[in-house]
Amino acid sequence: MDTRLTIVKRAVKEIQDGMNVNLGIGMPTLVANEIPADVNVLLQSENGLLGIGPYPVEGLEDADLINAGKETITTVPGSSFFDSAESFAMIRGGHIDLAILGGMEVSEKGDLANWMIPGKMVKGMGGAMDLVVGAKRVVVIMDHVSKHGESKVKKTCELPLTGLGVVDRLITDLAVFDFTDEGMVLVETSPGVTVEEVKEKTEAPFIISPDFIQS
Amino acid sequence: MDTRLTIVKRAVKEIQDGMNVNLGIGMPTLVANEIPADVNVLLQSENGLLGIGPYPVEGLEDADLINAGKETITTVPGSSFFDSAESFAMIRGGHIDLAILGGMEVSEKGDLANWMIPGKMVKGMGGAMDLVVGAKRVVVIMDHVSKHGESKVKKTCELPLTGLGVVDRLITDLAVFDFTDEGMVLVETSPGVTVEEVKEKTEAPFIISPDFIQS
Amino acid sequence: MSKVYNSFAKAVSDIRDGSTIIVGGFGLCGIPEKSIEALRESGVKDLTIASNNCGTDDQGLGILLANKQIKKMIASYVGENKIFEKQFLSGELEVELSPQGTLAERIRSGGAGIPGFYTATGVGTPIAEGKETKEFNGKTYLLEEGIVGDFALVKAWKADTLGNLVYRKTARNFNPLAAMAGKITIAEVEEIVEAGELKPEEIDTPGVYVQRVLLGTDYAKPIERLTVRKA
Amino acid sequence: MSKVYNSFAKAVSDIRDGSTIIVGGFGLCGIPEKSIEALRESGVKDLTIASNNCGTDDQGLGILLANKQIKKMIASYVGENKIFEKQFLSGELEVELSPQGTLAERIRSGGAGIPGFYTATGVGTPIAEGKETKEFNGKTYLLEEGIVGDFALVKAWKADTLGNLVYRKTARNFNPLAAMAGKITIAEVEEIVEAGELKPEEIDTPGVYVQRVLLGTDYAKPIERLTVRKA
């Protein structure tokens, strides 16, 4: 199983029946495909839709019906359209149960950086800054280690922040962490991954949960 | 002609073709009946309707369709329903061309008092404070002199204010005043009313417009 | 995952003494009659209620006043109620008057995660007392704060089982805003349909704001000022 | 009192160099294609544009960039545009990034007469630099200011002759907000009907916000990311 699929399959467990969920662009979008049929959720798209359905059947795509990633989509029964101010009233006002976003760096205090690399072209934060402060629960999914072999789980984020102390849970290809008043807590490791390996590849210090699960 | 009708008939001249207008509760509501058939206006009701129609035919009243005065009404073609936040976005945001409100006192600086008499029960200001700061043009209609013979056009309002310097035009049974950077300006007197009489019954000092009209 | 409750008594059973409740409606139009009745039956006290009006002596929120269940009222106009007057003058009832547009926006803001906003409404009036002001482009504005309710009671026309709501005519008024601002929003309606039967474009309040949906029957829908013309 | 214009050139003819324009749309979905084209033809310069995105190299607002008509862009995401990157890096183009929800609320606020509001969005990030903060209940919020446009360009599905607008699906997005915030709002649509043909409850944008209505034809409606499944 590639690391992306490992992460996505773990992330989908965060989704519970009855939730309203916002999935970020990129890897988080893939989580939608893994939601079990008996789990009823409404997926929110911040451009103005609650109740995203699957991609349209070829030829039936509609340019007026897209998600926040600008992909053509469909709607599910019970969906609703609204304007972008209403959409972010929902997000900022704490009505979205769960947001799953990608990350570039997460700090031990739950700070998140995922929108800007200094020196590179600034593309903009889109709705990410609103989502991380507004959603009831924020789960970040990302590779544990960068392509250059550096830990992306930092003592302090080096990249400009998306939000300060906003991450509730971090899911990487190696482990799952929670961010609590006591600090960063290791709650799981992925199959075949030891706590030693996680320690080695994590710049930030962490404590181990009493409920720690070795997969 | 009673003084109410004098005022109402003068007030209706403020309404121009194509305007969106809010008429206050009480005497201002009567202005609607006097709008000429060839003048197309949309009347706004701050509870959430643009396009108030006449009272319903007896037996066809609908408890779910009322104006801000809680009277049963109808709608005109081109009307729209919306919530109260949207309604006041319209008002506060300067999208209503004209508001006609009743008054208790108006000062020479265009301050308005029309919601509260100290010592008496406070009923509340409803939407009046929003209307006077938001509408593009605010016209107040009221009797010139109180039942006790006192001028209601004051140097300074004695009653608690609804708004500070908000009145564009005041129409009474005796006269019409504008409020300008130069001060309060007499622009018209009612039929049979002399400038002398207006001066006598007006506590506030005023200047006479170069375009003054003696009716 | 249906949000439909069968009992109003059960739907309001976790509203406790001292709760803050946002209630939809304008005058007696679009008020959550059945939830208000259930609240009276429950007997909870010391409520803080934010609603544009406070009913009449024997209708709407007036029945909670008569039953001495309201400690504080946040409203824009309370003129139709003698019991209100009596309790206010005796000091039993605390009142916070908020201009109607400010109140509507404060409730929306509460629901939208906005703790405060600036408005020109009320500058230079008694409403400005004790409030911070700030200048923007040389003009003075008041800081007004968002309102969040422990609960919100709203009345809609139709709901689906996911809590999506559609309102009827001017019975919409404060209801969509109240729905946004309740931590737990209880919606009563005249018809409940299956998810998918309301068109995505006709929904006024997305179900994400609504936790409980109830079917009400025999709505009184009192008319405060019957005004008609001859056919 | 019809608000219908027959010429896009005429409808944008009073937009001057240096104007601030709010433009609806999300990506290339629901963008006012014809008004943007008319603006390019008019050649006005030094525009400040507030819009969630800035089109692509050859679509949407991108064609105004390519023609060097934009001085400043207020947006939340500008990633799809190489000309943008070039002009930004050369200093030709000024950019103000605003988080998407903050941008939507700033535009709504501008239209609603609210000069500023507080939000937790962006606290502790580069977006907070130079902005006032304030605590509410022990939590820090940023002050964000409303945006008002000299003009707004919006795209709707249908209009009536009074300027009432109805949007289609997710092509609604920023359009109703832009409509509120333009001193002069120019709406282009795919169908114009008589006043009274749109139901009062289906209208998304009341005509009070709209000054000019135009019928557009041959909409390109480009799809940025075509994603489909097999039948």
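Lettering follows sequence order; numbering is per chain, from 1.
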Asks: Looking at every heavy atom in both S79(B) and I203(D), which two are closest together, and how far apart are they?
Replies: O-CD1, 3.4 Å
Asks: Any side-chain heavy-atom pair from L42(B) and L162(D) closer than 4.5 angstrom?
Replies: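 Yes. Closest side-chain heavy atoms under 4.5 Å.
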Asks: Take atom CG of N137(D) as the centre, draw a 6.0 Å sphere, and report whether it contains more than 12 heavy atoms from other residues, nucleotides or ligands.
Replies: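 No, CG of N137(D) has 12 or fewer neighbouring heavy atoms, counting only those of other groups under 6.0 Å.
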Asks: If you tally heavy-atom pairs under 4.5 Å against chain B, which of A181(D), A112(D), A195(D) wins?
Replies: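 That would be A112(D).
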Asks: Ignoring hydrogens, what is the shortest heavy-atom contact between E201(D) and F81(B)? Give both atom names and the distance.
Replies: OE1-CE1, 3.6 Å
Asks: Looking at every non-hydrogen atom in both residues, tell me the closest pair between G111(D) and H95(B) and how far apart they are.
Replies: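 Nearest pair, atom of G111(D) first, then H95(B): O-NE2, 2.7 Å.
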Asks: Is it the case that atom NZ in K221(D) sees more than 12 heavy atoms from other parts of the structure closer than 6.0 Å?
Replies: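 Counting neighbours around NZ of K221(D), more than 12 heavy atoms of other residues, nucleotides or ligands fall under 6.0 Å, so yes.
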Asks: For each of G207(D), G196(D), G163(D), tally heavy-atom pairs with chain B at distances under 4.5 Å, and name the one with the top tally.
Replies: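 Among the listed options, the one with the most contacts to chain B is G196(D).
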Asks: Could you tell me whether K199(D) atom NZ has more than 12 heavy atoms of other residues or ligands within 6.0 Å of it?
Replies: no
Asks: Using non-hydrogen atoms only, which part of E86(B) is less than 4.5 Å away from chain D: side chain, backbone, both, or neither?
Replies: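 Looking at E86(B), backbone and side chain both touch chain D.
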Asks: Is it true that, when you exclude K136(B) itself, more than 12 heavy atoms of the residues, nucleotides or ligands shown sit nearer than 6.0 Å to its NZ?
Replies: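 More than 12 heavy atoms, drawn from other residues, nucleotides or ligands, come within 6.0 Å of this atom.
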Asks: Give me the atom names and distance for the closest heavy-atom approach of L50(B) to P206(D).
Replies: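 Of all heavy-atom pairs spanning L50(B) and P206(D), the closest is CD2-CB, 4.4 Å.
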